[in-house]
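Take a look at this one; I'll ask things after.
A note on names: the letters A, B, ... follow the listed sequences, proteins ahead of strands, and every chain is numbered from 1.
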4 protein chains.
Amino acid sequence: MNWMMFTVDPADPTPLYAQLDRGIRAAIVAGQLRPGDRLPTVRQLAVDLRINANTVAKVYAELERAGVLATQRGIGTFVRDKPTPAASASRRDRERELRSLVDRLLADASAIGISLREVVRYLESIEAKQAKERT
Amino acid sequence: MNWMMFTVDPADPTPLYAQLDRGIRAAIVAGQLRPGDRLPTVRQLAVDLRINANTVAKVYAELERAGVLATQRGIGTFVRDKPTPAASASRRDRERELRSLVDRLLADASAIGISLREVVRYLESIEAKQAKERT
Amino acid sequence: MNWMMFTVDPADPTPLYAQLDRGIRAAIVAGQLRPGDRLPTVRQLAVDLRINANTVAKVYAELERAGVLATQRGIGTFVRDKPTPAASASRRDRERELRSLVDRLLADASAIGISLREVVRYLESIEAKQAKERT
Amino acid sequence: MNWMMFTVDPADPTPLYAQLDRGIRAAIVAGQLRPGDRLPTVRQLAVDLRINANTVAKVYAELERAGVLATQRGIGTFVRDKPTPAASASRRDRERELRSLVDRLLADASAIGISLREVVRYLESIEAKQAKERT
DNA sequence: GTGGTCTAGACCACG
DNA sequence: GTGGTCTAGACCACA
């Protein structure tokens with residue numbers, strides 16, 4: 001496994017903990033992390049990302065409260081079985097939300113010169129990888 | 001005028017000033033704001049976005065230092081002529097940025113119960129539509 | 001107002017942040033803190049309780065995520081309007097839960113020599129105080 | 001034997017060892033465990049509570065140092081004769097403890113949507129029942 | 001060796 | 001002056 005699934009950019013104004021939180025959630029959605037998988041230890045991930053262990057611990061704790069991860073005292077931190085399906089908003093609401101999220105993505109991407117085509121290709125590659133790992 | 005080209009989300013952990021900075025740059029790149037266009041006054045935008053005027057002023061000042069905007073005292077703040085010479089980031093930087101943007105999208109989508117598959121299908125539909133219009 | 005509504009015991013094996021979390025929730029239930037009330041500043045409460053400001057901040061942040069408090073950037077932290085009624089479990093479930101909580105309370109109280117009578121009198125005094133403050 | 005006089009809640013932020021310590025002392029004060037009674041073996045209790053045997057052993061050892069239990073090598077662990085000379089805490093200490101216990105009760109109750117009023121009514125009903133039985 | 005708690009103290013975002 | 005983020009480093013609970 002080529003660790004370094006997660007990255008963090010200290011120059012990004014987004015707080016480190018928020019970047020890591022997003023990265024872990026995204027890795028789960030993308031199937032790179034699956035229910036039952038163990039995450040790197042707090043200290044190891046801190047070393048890999050070159051950030052403080054407390055920052056990693058904070059993220060793990062937050063994701064546990066959110067029901068995404070589960071930690072076993074003295075053993076480690078794991079991906080929960082059910083990534084909380086929850087939030088079954090109406091079809092219209094979900095479409096509106098999806099549209100809004102994608103709009104933001106495309107605006108930000110175009111602002112740094114990334115085309116729609118590139119975004120789509122990248123997302124398709126993630127989807128393909130996920131399908132393969134599900135085998 | 002339907003001002004409200006810019007939005008800001010106080011729940012987003014990204015600092016308000018960074019969200020606004022990003023939004024203005026994106027609007028310029030997207031052509032919603034063109035060289036010579038006048039931006040809303042600091043106070044007006046602050047009211048619209050329900051944030052403190054100091055925060056807006058800080059962003060305008062930063063963008064002026066960056067050569068994106070120009071202020072004419074007593075008249076207003078305008079978009080500069082340059083079509084942003086920037087956006088020539090390195091390949092690695094662009095990949096990192098793309099990854100970060102997609103992470104945010106997927107994390108936010110999963111938080112409201114939207115799957116990777118749905119996101120990809122939606123983006124593909126947008127790409128198809130755009131291709132057709134180009135015919 | 002005689003501040004010092006909250007107390008914390010460093011000798012108690014219960015973590016400080018958990019003690020404070022409980023204390024704040026209890027103060028709200030008891031009506032000592034009401035929707036819209038402002039809480040002490042992070043730093044002030046830290047000084048009063050003789051604990052580190054980070055510990056207080058952590059509790060405020062947790063209670064905000066739980067929907068109990070709301071913070072306004074740069075202004076302060078407030079009790080939310082609706083202390084989340086939520087959790088409308090069945091009548092039988094609630095009775096079972098209540099019984100279990102009270103059992104634990106009485107066991108712990110008797111272990112340190114506090115009688116049922118004393119517990120009841122104390123709770124009644126809290127209820128009376130709350131009724132008065134609602135005027 | 002319906003062992004299970006003791007319970008432990010891994011979700012409670014109070015350390016497991018402190019929960020068990022409290023539980024054993026409470027069982028003795030409440031008369032569920034009397035001088036000379038034998039406690040479950042370390043391993044058995046660990047299995048019952050689904051915690052590590054080291055944790056149970058640590059609690060037994062601590063209670064032995066405190067003069068609450070006595071171990072007879074090769075035979076088992078027993079409740080000591082002394083009817084706990086302790087429990088003579090100062091008035092201030094008892095008040096502080098009572099307040100802390102009630103805080104926990106109210107916080108937990110509100111978390112599941114049980115009001116202060118309901119708690120008080122329930123406790124009063126217990127007190128009434130007990131008074132009647134004493135007749 | 002794993003995660004959890006706490007401290008002290010620096011610096012930032014916001015009003 | 002308010003809360004928020006991050007660090008470095010100590011010590012504890014648990015397996």
**Asked** Over how many whole Å does the gap from A/D9 atom CG to F/dT5 atom P extend?
**Response**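 Checked: the CG to P distance equals 17 Å.
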**Request:** Would you kindly give the CZ-to-P distance between C/R38 and F/dG3, to the nearest whole Å?
**Result:**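 The distance from CZ of C/R38 to P of F/dG3 comes to 6 Å, rounded to the nearest Å.
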**Position toward the 5' end of DNA chain F (nearest nucleotide), D/R50 or A/L16** =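 Comparing both residues, the 5'-ward one is A/L16.
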**Prompt:** C/Y17 has an atom OH; how far is it from atom P of F/dC12, in whole Å?
**Reply:** 18 Å
**Item:** Separation of atom OH in C/Y60 from atom P in F/dT5, rounded to whole Å
**Value:**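 My rounded result for the distance is 16 Å.
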**Message:** Can you confirm whether D/D21 sits close enough to D/E62 that some side-chain heavy atom of one is under 4.5 Å from a side-chain heavy atom of the other?
**Reply:** yes
**Asked** Does E/dG4 have OP1 or OP2 sitting under 4.0 Å from an N or O in the side chain of A/T71?
**Response** yes
**Item:** Candidates E/dC14, F/dA13, F/dC11 - which lies nearest the side chain of D/P15
**Value:**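 Of E/dC14, F/dA13, F/dC11, F/dA13 is nearest to the side chain of D/P15.
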**Nucleotide nearest C/I51 (side chain, heavy atoms from C-beta), chosen from E/dT7, F/dG4, E/dG3** = E/dT7
**Message:** Tell me whether the side-chain N/O atoms of A/K58 come closer than 4.0 Å to OP1 or OP2 in F/dC6.
**Reply:** no
**Request:** To the nearest Å, give me how far apart CG (C/D12) and C1' (F/dA13) are.
**Result:** 15 Å
**Prompt:** Could you state the CG-P distance from A/L20 to F/dT5, rounded to the nearest angstrom?
**Reply:**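 For the pair A/L20 CG and F/dT5 P, the rounded distance is 14 Å.
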**Message:** Could you check whether A/R22 pairs with B/D12 (Lys NZ or Arg NE/NH1/NH2 to Asp/Glu carboxylate O, under 4.0 Å)?
**Reply:** yes
**Item:** Note: C/R104-D/D108 ion pair, threshold 4.0 Å (strictly below)
**Value:**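 Yes, charged N to carboxylate O under 4.0 Å.
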**Item:** G-U wobble or Watson-Crick pairing nucleotide for F/dA8 (cut-off 3.5 Å, both distances)
**Value:**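 Per the H-bond distance test, E/dT7.
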**Asked** Considering heavy-atom distances to DNA chain F, does A/N52 or A/R73 have its closest nucleotide positioned more toward the 5' end?
**Response**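 Whichever sits nearer the 5' end wins; that is A/N52.
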**Message:** Any donor-acceptor pair under 3.5 Å linking the side-chain atoms of D/T71 with those of D/E64?
**Reply:** yes
**Message:** Can you tell me how far apart CG (C/L20) and CD1 (C/I51) are? Round to the nearest 0.5 Å.
**Reply:**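 Interatomic distance, C/L20 CG to C/I51 CD1, rounded to 0.5 Å: 5.5 Å.
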**Between P of E/dT5 and CG of C/D21, the distance in whole Å** = 12 Å
**Item:** Residue B/T55, side-chain heavy atoms: nucleotide from E/dT5, E/dC14, E/dG3 that is nearest
**Value:**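 Of the candidates, E/dC14 comes closest.
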**Request:** Grab the CG-C1' distance between C/L69 and F/dG3 for me, whole Å please.
**Result:**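 Going from CG in C/L69 over to C1' in F/dG3 covers 13 Å.
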**Request:** Would you indicate which nucleotide in F/dT5, E/dG15, F/dG9 comes nearest to any side-chain atom of C/N54?
**Result:** F/dT5
